[in-house]
Enquirer: 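There's a structure below that I have some questions on.
Every chain is numbered from 1, with letters handed out A, B, ... down the list of sequences.
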Number of protein chains: 2
Amino acid sequence: MEKVVADTLKRSQLSVTDSRKRILEFFHHSDGALAHGDIEKLSGDQFDRVTIYRTLQTFVEKGIIHSIPTADNSIRYALCQQECEAGHHHDNHVHFVCDSCGNTFCLNHVTIPPVQLPEGFTSKQTDVVVSGICKKCGINP
Amino acid sequence: MEKVVADTLKRSQLSVTDSRKRILEFFHHSDGALAHGDIEKLSGDQFDRVTIYRTLQTFVEKGIIHSIPTADNSIRYALCQQECEAGHHHDNHVHFVCDSCGNTFCLNHVTIPPVQLPEGFTSKQTDVVVSGICKKCGINP
DNA sequence: AATTTTTTGCAACGTTGTTGCAAAAGATTA
DNA sequence: TAATCTTTTGCAACAACGTTGCAAAAAATT
């Protein structure tokens, strides 16, 4: 794991630092998406808030993670698939927010259905966020 | 118009006040969605920030307006269709955010396509936000 | 018109996110 | 490995956004 995250950072031409390694590991260990606050808690105030903000920004720019739109106003992030490169996100999967546990998941195998727009509108990106009950919470409510 | 907004407020069992009338009129006059900040500017500091926040909350609860999920973390609101009642939103249309002018529109006639979820997941609501270039900006870039 | 209820505005506070700058850590070179 | 250069971090300060409690004002009710 240690090695995997270091390689990811190098591949993105980023200096391999403590905070970047730790934060990237959090994403690998999490099965859902993470918000800034989650990382702050996970790290136990090991890093400055500002460092976390900047690291997340950098990761988004480099195509390591992507942000997920949500109805409340907290930005959540999740790991990108391999196909994402710096400045070029191809995350065309559906996101799922569980109303019970609050977790956000990438449904990597559920692709965005086509949307028919009115005349004159041009689409660049489509985000689909489904909310409801996730698999785990459906079993143990 | 004056009459229409007053009626809407009464129908929702709300006191008819200056701020509520004005803020509701803003929504009727706007062709896109409005954020808290937009209303603050439109009203020219006529109302306190807090009043605007509370009015928006109340309108959402009463089913007069609904909030729109966005990729950045600003909450935007738009008028509901007639079918919405207090505590029961049925806004199953697609939202469009223009990358050029920044406006957010409800595409009331574009319905949400069905999404096939993995086993064990139950859907309660689906939000679709398309970003790109709107009709106006496509004509006058 | 008087009373009750609701709403508003103010003040204060908390969270979230950003920017500039010096110190520290990482990368690079010899 | 040490010296140098580059990048990143942490701190301080700031700005935007949003919430809560409470007294005054406005709306509804009688």
Side-chain angles (χ1 to χ4, degrees), chain A residues 2-3 5-26 33-62 64-65 67-77 86 102 104, chain B residues 2-3 5-26 33-62 64-65 67-77 86 102 104:
Chain A
E2 177 76 28
K3 181 113 187 1
V5 299
D7 283 353
T8 304
L9 294 172
K10 278 178 200 152
R11 210 178 316 121
S12 300
Q13 298 169 311
L14 290 173
S15 304
V16 179
T17 68
D18 248 32
S19 39
R20 287 181 180 158
K21 279 191 288 183
R22 289 291 308 280
I23 292 175
L24 191 47
E25 277 175 14
F26 291 147
L34 296 174
H36 174 271
D38 298 325
I39 294 167
E40 210 165 1
K41 274 166 212 145
L42 281 169
S43 68
D45 291 332
Q46 191 183 355
F47 313 114
D48 195 83
R49 283 173 351 101
V50 180
T51 302
I52 299 176
Y53 280 117
R54 288 198 268 230
T55 304
L56 291 173
Q57 273 176 206
T58 307
F59 283 2
V60 171
E61 281 160 21
K62 293 293 185 178
I64 299 171
I65 60 177
S67 68
I68 301 172
T70 50
D72 64 352
N73 61 327
S74 72
I75 312 178
R76 291 172 168 278
Y77 302 89
T104 301
Chain B
E2 176 75 28
K3 180 109 186 8
V5 298
D7 283 352
T8 304
L9 294 173
K10 280 178 198 152
R11 209 178 316 121
S12 300
Q13 300 170 310
L14 290 173
S15 304
V16 179
T17 67
D18 246 34
S19 41
R20 287 182 180 158
K21 280 191 288 184
R22 288 292 307 281
I23 292 175
L24 190 47
E25 278 176 13
F26 291 147
L34 297 174
H36 174 271
D38 298 325
I39 295 168
E40 210 166 1
K41 276 168 211 143
L42 281 170
S43 68
D45 291 334
Q46 191 183 354
F47 312 114
D48 194 83
R49 281 172 352 102
V50 180
T51 302
I52 299 175
Y53 280 118
R54 288 199 268 229
T55 304
L56 291 173
Q57 272 175 206
T58 307
F59 283 2
V60 171
E61 281 161 21
K62 293 293 184 177
I64 299 171
I65 60 176
S67 69
I68 301 172
T70 51
D72 64 352
N73 60 328
S74 72
I75 312 179
R76 292 172 168 277
Y77 302 90
T104 301

Enquirer: Are the side chains of A/F59 and A/I23 in contact, using a 4.5 Å heavy-atom criterion?
Expert: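 Answer yes - side chains close enough.
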Enquirer: Using a heavy-atom cut-off of 4.0 Å across all strands, would you classify A/E40 as base, sugar-phosphate, or nothing?
Expert: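 Answer is nothing: A/E40 stays at 4.0 Å or more from every strand.
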Enquirer: Measure the distance from NZ on A/K10 to P on D/dT8 and round it to the nearest whole Å.
Expert: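 Taking atom P of D/dT8 as the reference, NZ of A/K10 is at 15 Å.
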Enquirer: Do you know the tightest heavy-atom contact between B/F26 and B/I39?
Expert: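 The answer is CD1-CG2, 4.1 Å.
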Enquirer: Between atom CZ of A/F47 and atom CG of A/D18, what is the distance when rounded to the nearest 0.5 Å?
Expert: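 Answer rounded to 0.5 Å: 6.0 Å.
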Enquirer: Using side chain to side chain contact (heavy atoms under 4.5 Å, CB included) as the criterion, list what pairs up with B/T104, not counting sequence neighbours.
Expert: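 For B/T104 the side chain to side chain contact (heavy atoms under 4.5 Å, CB included) partners, ignoring immediate neighbours, are B/A33, B/I68, B/R76, B/V97.
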Enquirer: Note the angle between the end axes of the helix from C/dA1-D/dT30 to C/dA30-D/dT1, five pairs defining each, rounded to 10 degrees.
Expert: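 Both end axes considered, the difference amounts to 30°.
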Enquirer: Supply the atom-to-atom distance B/T55 OG1 to B/Q57 CD, rounded to the nearest 0.5 angstrom.
Expert: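 If I round to the nearest 0.5 Å, the distance is 9.5 Å.
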Enquirer: With sequence neighbours left out, write down each residue that passes side-chain hydrogen bond (donor to acceptor under 3.5 Å, both in side chains) with A/K21, or none if nothing qualifies.
Expert: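 If we apply the side-chain hydrogen bond (donor to acceptor under 3.5 Å, both in side chains) test to A/K21, skipping adjacent residues, the hits are A/E2.
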Enquirer: Side-chain N or O of A/Q57 versus OP1/OP2 of C/dT18: is the shortest distance under 4.0 Å?
Expert: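 Yes, because at least one side-chain N or O of A/Q57 sits under 4.0 Å from OP1 or OP2 of C/dT18.
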Enquirer: Whole angstrom is fine here: how far is it from CG in B/L56 over to P in D/dC17?
Expert: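 The answer, rounded to whole Å, is 13 Å.
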Enquirer: Anything under 3.5 Å between a donor and an acceptor, one on a side chain of residues 6-13 of chain A, the other on a protein residue two or more places apart or in another chain? List them.
Expert:
residue: A/D7; atom: OD2; partner: A/K3; partner atom: NZ; Å: 3.1
residue: A/T8; atom: OG1; partner: A/V4; partner atom: O; Å: 2.9
residue: A/S12; atom: OG; partner: A/T8; partner atom: O; Å: 3.2

Enquirer: What nucleotide, of D/dA28, C/dG17, D/dG18, holds the atom closest to the side chain of B/R49?
Expert: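 My answer, after comparing the listed nucleotides, is D/dG18.
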Enquirer: Closest nucleotide of DNA chain D for B/V16 versus for B/H36: which of these residues is on the 5' side?
Expert: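 Looking at DNA chain D, the more 5' nearest nucleotide goes with B/H36.
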Enquirer: Please state how far atom CZ in B/R76 lies from atom C1' in D/dC17, giving the value in whole angstrom units.
Expert: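 Rounded to the whole Å, the gap is 14 Å.
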Enquirer: Rounded to whole Å, how long is the line connecting atom OH of A/Y77 with atom P of C/dT16?
Expert: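 That distance rounds to 13 Å.
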Enquirer: Please list, pair by pair, any protein nitrogen or oxygen found under 3.5 Å from a nitrogen or oxygen in nucleotides 3-10 of chain C.
Expert:
residue: C/dT6; atom: O3'; partner: B/S15; partner atom: OG; Å: 3.4
residue: C/dT7; atom: OP1; partner: B/R20; partner atom: NH1; Å: 2.7
residue: C/dT7; atom: OP1; partner: B/R20; partner atom: NH2; Å: 3.0
residue: C/dT7; atom: O5'; partner: B/R20; partner atom: NH2; Å: 3.3
residue: C/dT8; atom: OP1; partner: B/T17; partner atom: OG1; Å: 2.8
residue: C/dT8; atom: OP1; partner: B/S19; partner atom: OG; Å: 2.3
residue: C/dG9; atom: OP2; partner: B/D48; partner atom: N; Å: 3.4
residue: C/dG9; atom: OP2; partner: B/T51; partner atom: OG1; Å: 2.6
residue: C/dG9; atom: N7; partner: B/R54; partner atom: NH2; Å: 3.2
residue: C/dG9; atom: O6; partner: B/R54; partner atom: NH2; Å: 2.6

Enquirer: From CG of B/L34 over to P of D/dC17, roughly how many Å is that when rounded to an integer?
Expert: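 B/L34 atom CG is separated from D/dC17 atom P by 14 Å.
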Enquirer: Starting at CG of A/L9 and ending at P of D/dT8, how long is that distance when rounded to a whole Å?
Expert: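 Rounded to whole Å, this separation is 10 Å.
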Enquirer: Mind checking what makes ring pair (Phe, Tyr, Trp, His ring centres under 6.0 Å) contact with B/Y53, not counting sequence neighbours?
Expert: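 Once residues adjacent in sequence are excluded, the partners of B/Y53 under the ring pair (Phe, Tyr, Trp, His ring centres under 6.0 Å) criterion are B/H36.
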Enquirer: Do you know which two heavy atoms are closest between B/L14 and B/R20, and how far apart they sit?
Expert: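 Scanning both residues, the minimum pair turns out to be CB-NH1, 3.8 Å.
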Enquirer: Could you state the OH-P distance from A/Y53 to C/dT16, rounded to the nearest angstrom?
Expert: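 Interatomic distance, OH of A/Y53 to P of C/dT16: 6 Å.
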